[in-house]
Amino acid sequence: MMRTWVQRGLLTLGWLALIAAVVGLVLHLGRWQRMSFVLLASGASWLMLGAVVALVFFAAARGWRSAIAGGIVALAALATIVPSYLPERRDVAGPELVVLQSNLLFGKADTNAVVSVVRDNKVDILTAEELTFDAIARLKTSGLDELLPYHYFEATESGGGGTGIYSRYPLRDPKKYDGFIMSNISATMDHPERGAMSVFAFHPIPPNLNFDAWSHEMRRVDEILAETKAPAIVGADFNATHDHAAYRALLDGAFASAADQTGDGVLLTFPADRRWGPVIGIDHVLVAGGVAQSVRALTIPGSDHRALLATVRLDR
């Protein structure tokens, strides 16, 4: 009798975990137009792990028919997650470009730490969100202008609306895009070996602050990138994860996620200022006309985001 009750308990727990996994799959696959579903979709991959937990419970309970259902859901979950962990096998022979993407949390991040990363890793491009005039001054004092002498920024006195691009190489044709609440910008960088290439710094409004605006802004980013010719680099805090259809739509054309290209998959970047974080990846580096060789997340003291450092090899 005791064994029967244990088996039933294990099966119940297994089915609860499997239901969570199915919910995760539905959240991942859906093109949701409601804020609550989009916010829940941020953690869809975590829910999908419930399929593995379910299989463990089903096996312990010897519930083989339930295990078949669990196996089907697990395979579906793997089909959505695994591709991001398979590195792109394509040889490229162009110049190397090192990109740093960093959200500065209302300009309060440790600018000395940012500049140290730039110096130690020979960064060529820095894209920075939540850039304030005070942060610009502190970055300059820390020596950023000596390392990356070319820049274009649309900064603010306070808050999170400012965005900037710093470059080792000359920048021209700066542009601030209409249709965004915060500053979303681009410039053309003249690379000494590769020639002209576009550099973007995007920062759509968080969906929990203005869901309709976030939806519109993600579509606007998609339109901008669809009109862009390779080579190009994007550094962004999209306020969107791989589990959001609006983010995956950006990868339908010429652009690829640097983390997908290297097989690093989801790099968790937010929130970085909590003991239990980060738990989601909303910061991204995208590449068109090249392949990322390495990508890693870095802690920047004073910021609630981890920065992303990507080394990209451009096509000839």
Would you call [X] and [Y] a salt bridge, using N to O less than 4.0 angstrom?
X    : Y    : result
R220 : E223 : yes
D283 : R306 : no
D260 : R248 : no

Side chain to side chain contact (heavy atoms under 4.5 Å, CB included), that's the test. Do T228 and V234 meet it? Break it down for me. CA-CA 11 Å; T228 301; V234 175; over 6 Å; no

Where [X] and [Y] come nearest, the two heavy atoms and their spacing:
X    : Y    : value
M218 : A240 : CE-CB, 4.1 Å
D190 : Y169 : O-CB, 3.5 Å
T156 : G159 : OG1-O, 4.0 Å
D173 : T188 : OD2-OG1, 3.8 Å
G70  : A51  : O-CB, 4.5 Å
P231 : L314 : CB-CD2, 4.5 Å

Kindly check if the number of other-residue, nucleotide or ligand heavy atoms within 6.0 Å of CG (D252) is above 12? yes

Does atom CZ of R34 have more than 12 heavy-atom neighbours from other groups under 6.0 Å away? no

Using only atom types and a distance under 3.5 Å, with no angle test, would you say the side chain of [X] pairs donor to acceptor with the backbone of [Y]?
X    : Y    : result
Q261 : A292 : yes
D243 : S45  : yes
T111 : A135 : no
R313 : V291 : no
S303 : H305 : yes
Q7   : R62  : no
R194 : D315 : yes
W46  : V279 : yes
R168 : L97  : no
Y152 : R172 : no

How far does [atom1] of [X] sit from [atom2] of [Y], to the nearest 0.5 angstrom?
X    : Y    : atom1 : atom2 : result
S198 : I233 : OG    : CD1   : 10.5 Å
R31  : S215 : CZ    : OG    : 12.5 Å
Y166 : L139 : OH    : CG    : 5.0 Å
R8   : L13  : CZ    : CG    : 14.5 Å
T127 : L100 : OG1   : CG    : 7.0 Å
M182 : E130 : CE    : CD    : 6.5 Å

Give the cluster check for [X] versus [Y]: same hydrophobic cluster or not, with ILVMFWY residues linked at side-chain heavy-atom distances below 4.5 Å.
X    : Y    : answer
F57  : L49  : no
V295 : I300 : no
V73  : V56  : no
F37  : I205 : yes
M48  : L16  : no

With the side chain counted from C-beta on, respond yes when [X] and [Y] share a heavy-atom pair under 4.5 Å apart, and no when they do not.
X    : Y    : result
F238 : V221 : yes
I224 : F202 : yes
V92  : Q293 : yes
T269 : L308 : yes
S66  : L11  : yes
L144 : L126 : yes
N239 : L209 : no
P174 : I185 : no

Would you please test F106 and D304 for side chain to side chain contact (heavy atoms under 4.5 Å, CB included) and show each step? CA-CA 10 Å; F106 308 144; D304 58 345; over 6 Å; no

Is it the case that the ring center of H284 lies less than 6.0 angstrom away from the ring center of Y247? yes

Can you check side chain to side chain contact (heavy atoms under 4.5 Å, CB included) on N184 and F200, steps first, answer last? CA-CA 8 Å; N184 286 253; F200 298 90; over 6 Å; no

Specify whether F153 and H151 have parallel, tilted or perpendicular ring planes, treating 30° as the upper limit for parallel and 60° as the lower limit for perpendicular. parallel

Show your reasoning for whether side chain to side chain contact (heavy atoms under 4.5 Å, CB included) applies to K176 and S183. CA-CA 7 Å; K176 180 181 179 182; S183 296; 3.6 Å; yes

